[in-house]
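Before any comments, here is the structure.
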Amino acid sequence: MPELPEVETLAQMLKHGHEGHPPLPGRRVVGVSLRWPRHVAEPSVPAFRRRIQGQTIHDVSRRGKYFVFPLDEGTLLIHLKMSGDLRITQRHARRDRFEHTILHLDGDWDLRFSDSRKFGKLYLLNDPDRLLGVLGPEPLARDFTPAVLAQRLAGHDRPLKPLLLDQTFVAGIGNIYADEALHRAHLHPLRRSRSLATPDVRALWRGIRAALRQGIRHNGASIDWVYRGGEFQNHFRVYQRAGEGCPVCGTPIVRTVIGQRSSHFCPECQPEPEP
DNA sequence: CACGAGACCTGTTCGC
DNA sequence: TGCGAACAGGTCTCGT
């Protein structure tokens with residue numbers, strides 16, 4: 001589910017409170033329930049239990065697709081991977097079968113990590129930069145300029161689609177927003193990074209930012225049962241729209257597989273690169 | 001450095 | 001109706 005816009009939306013909801021649930025900052029962890037211990041990536045499960053106990057959560061933010069929760073000592077990072085979701089519930093609310101990991105909070109609240117595929121991870125780290133530091137730039141930050149993108153593109157000779165999915169290249173883009181950004185930029189997913197002229201780079205820069213911003217404006221995308229609230233899925237131009245008409249030219253959208261991931265594009269607006 | 005395959009998991013949907 | 005195959009928002013590791 002979660003790419004930058006979904007993580008951003010959820011982080012804001014947790015930070016400020018949502019639908020009667022209190023803001024997370026200021027709450028203290030009074031207990032932990034770990035039904036899927038492999039959710040805890042670091043440190044060991046016993047050390048995690050011990051160290052998180054009694055700590056106050058001071059803030060909620062996002063870096064790439066990670067949630068960042070500064071604590072009294074150290075920082076909790078959570079990555080939702082494919083099917084993860086976070087919600088605040090009352091302690092006694094019915095627990096669904098995917099809520100494998102729960103941080104019990106003071107005031108009889110829970111922070112519940114629901115994750116049907118169990119790919120998600122929690123990290124309790126003294127130095128969160130060990131993970132966050134390897135991420136590429138934040139695509140919506142002021143310092144992510146077309147010149148920065150151009151310079152990074154020139155540093156690789158790779159097809160654009162897998163490059164956009166590489167979190168060390170730019171942080172936060174996933175399969176939905178990569179396809180949506182490339183369509184906006186009129187660039188084929190197999191175009192090579194080094195082959196882009198300056199106008200192409202600008203178009204890609206705009207495409208990335210526009211797709212992500214629009215995603216955030218619609219509170220992210222909710223597909224299937226995962227994630228509630230967002231409705232960006234109603235505004236996809238190409239993602240999961242194979243066979244439907246391109247919103248620009250009406251040509252049927254094509255689906256292919258690139259780097260083991262599905263890719264959706266308009267064969268008319270996003271012409272195939274010369275081999 | 002680039003790239004593909006396989007792993008990690010489970011749920012839903014599709015085709016026969 | 002049943003059943004296996006295909007597919008799903010992500011990333012990591014290994015081998016070429």
Side-chain angles (χ1 to χ4, degrees), chain A residues 1-11 35-42 62-67 77-86 96-101 113-123 130-132 134-136 139 152-182 189-195 208 211-212 214-216 218-243 255-264 275:
Chain A
M1 148 220 174
E3 305 181 31
L4 186 155
E6 291 75 33
V7 177
E8 178 65 26
T9 301
L10 250 176
R35 288 194 186 172
W36 180 253
R38 275 142 75 175
H39 257 167
V40 179
E42 233 187 293
R62 175 194 65 72
R63 172 78 172 95
K65 300 173 193 172
Y66 287 93
F67 290 87
L77 301 181
I78 296 183
H79 198 303
L80 267 27
K81 295 286 177 82
M82 290 287 263
S83 60
D85 195 6
L86 289 176
D96 81 40
R97 64 191 168 120
F98 304 127
E99 291 172 343
H100 309 301
T101 298
F113 184 3
S114 160
D115 187 15
S116 61
R117 289 180 74 178
K118 302 176 172 172
F119 288 164
K121 293 290 176 210
L122 295 87
Y123 307 80
R130 223 181 65 229
L131 287 188
L132 305 181
V134 306
L135 297 175
R152 296 184 78 84
L153 287 166
H156 298 269
D157 182 23
R158 295 177 62 185
L160 292 174
K161 177 69 190 283
L163 192 55
L164 290 178
L165 296 179
D166 181 342
Q167 301 300 297
T168 68
F169 181 74
V170 200
I173 298 174
N175 214 28
I176 294 175
Y177 294 92
D179 283 0
E180 294 294 313
L182 288 169
L190 288 176
R191 271 291 292 277
R192 298 243 140 196
S193 51
R194 262 208 251 278
S195 78
I208 290 169
L212 293 173
Q214 203 191 354
I216 290 173
H218 292 284
N219 298 313
S222 333
I223 305 179
D224 300 334
W225 72 101
V226 188
Y227 188 62
R228 62 260 167 254
E231 49 103 15
F232 184 56
Q233 67 279 9
N234 300 321
H235 303 271
F236 290 166
R237 300 189 185 182
V238 291
Y239 185 77
Q240 286 188 344
R241 295 216 184 283
R255 174 189 181 277
T256 61
V257 174
I258 298 172
Q260 295 159 288
R261 310 296 304 278
S262 66
S263 239
H264 312 77

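Chain A is the first sequence line, chain B the second, and so forth, proteins listed ahead of strands; every chain is numbered from 1. All values derive from a computational prediction rather than experimental measurement.
B:dC1 and C:dG10: their C1' atoms are spaced 22 Å apart (whole Å). Going from the P atom of B:dG11 to that of C:dT1 covers 23 Å, rounded to whole Å. If you take atom P in B:dA7 and the same atom in C:dA5, they sit 16 Å apart, rounded to whole Å.
Side-chain proximity of A:Arg261 to C:dG9, B:dA2, B:dG11: nearest is C:dG9. Considering only the side chain of A:Arg192, B:dA2 comes nearest among C:dT11, C:dG9, B:dA2. When distances are taken from the side chain of A:Lys118 to each of B:dT10, C:dG10, C:dG9, the shortest belongs to B:dT10. Distance from the side chain of A:Arg158 is smallest for B:dA2 among the nucleotides B:dG11, B:dA2, C:dT11. Here the nucleotide nearest the side chain of A:Tyr66, chosen from C:dG10, C:dC12, B:dG11, is C:dC12. In the set B:dC3, B:dG11, C:dG10, the nucleotide with an atom closest to the side chain of A:Ser116 is B:dG11. Between C:dG9, C:dC7, B:dC3, one nucleotide has an atom nearer to the side chain of A:Ser262 than all others, and that is C:dG9.
Using a 4.0 Å cut-off, no side-chain N or O of A:His79 falls inside it from OP1 or OP2 of C:dG10. Within the structure, a side-chain polar atom (N or O) of A:Gln167 is placed less than 4.0 Å from OP1 or OP2 of C:dT11. At the phosphate of B:dT10, neither OP1 nor OP2 sits under 4.0 Å from any side-chain N or O atom of A:Arg97. Listed pair A:His156 / B:dC1 fails the phosphate criterion, with no side-chain N or O lying under 4.0 Å from OP1 or OP2.
Nearest-nucleotide positions on DNA chain C for A:Leu165 and A:Arg117 put A:Arg117 closer to the 5' end. Ranked by how close their nearest DNA chain B nucleotide is to the 5' end, A:Arg194 and A:Gln260 are led by A:Arg194.
Heavy atoms of A:Phe232 sit nowhere under 4.0 angstrom from any nucleic acid atom. No contact: A:Lys121 has no heavy atom under 4.0 Å from any strand. Among the atoms of the strands shown, only primed sugar atoms or phosphate atoms (P, OP1, OP2) are found under 4.0 Å from some heavy atom of A:Asp157.
The separation between A:Leu163 atom CG and B:dC1 atom P is 13 Å, rounded to whole Å. Here C:dG9 presents its C1' atom at 8 Å from NZ of A:Lys65, a figure rounded to the nearest Å. Regarding A:Tyr123, its OH atom lies at a distance of 11 Å from the C1' atom of C:dG10, rounded to whole Å. If you take CD of A:Glu42 and C1' of C:dT11, they are 16 Å apart, rounded to a whole angstrom. Atom NE2 of A:His264 and atom C1' of C:dA8 are 10 Å apart (whole Å). Atoms NZ (A:Lys81) and P (B:dC8) sit 13 Å apart, rounded to a whole Å. Counting to the nearest Å, the C1' atom of B:dC3 and the CD1 atom of A:Ile258 are 13 Å from each other. Taking atom CG of residue A:Asp179 and atom P of nucleotide C:dG10, one finds them 10 Å apart after rounding to whole Å.
Under the 30°/60° scheme for interplanar angles, the aromatic rings of A:His218 and A:His235 are found to lie parallel. The aromatic rings of A:Trp36 and A:His100 are tilted relative to each other, their planes meeting at an angle between 30° and 60°.
A stacking contact links A:Phe119 to B:dC8: the aromatic ring centre lies within less than 5.5 Å of the base's six-membered ring centre, and the planes differ by less than 30°.
Salt bridge status for A:Asp179 with A:Lys161: present, with a side-chain N to carboxylate O gap under 4.0 Å.
Between A:Gly220 and A:Thr9 the shortest heavy-atom distance is N-OG1, 3.8 Å. Minimum interatomic distance between A:Pro189 and A:Pro162 (heavy atoms only, all atoms of both residues): O-CD, 4.5 Å.
Taken to the nearest 0.5 Å, the CD atom of A:Glu3 stands 9.5 Å off from the CD atom of A:Glu180.
Taking 4.5 Å as the limit, every side-chain heavy atom of A:Ile208 sits out of range of all side-chain heavy atoms of A:Tyr177. By the 4.5 Å heavy-atom criterion applied to side chains, A:Arg158 and A:Asp166 are counted as neighbours. Annotation: side chain of A:Asp115 is not in contact with side chain of A:Thr101 (no heavy-atom distance under 4.5 Å).
Consecutive Watson-Crick or G-U pairs involving DNA chain B, each under 3.5 Å on both distances, make up stems of three or more pairs at B:2-8 with C:10-16, B:10-16 with C:2-8.
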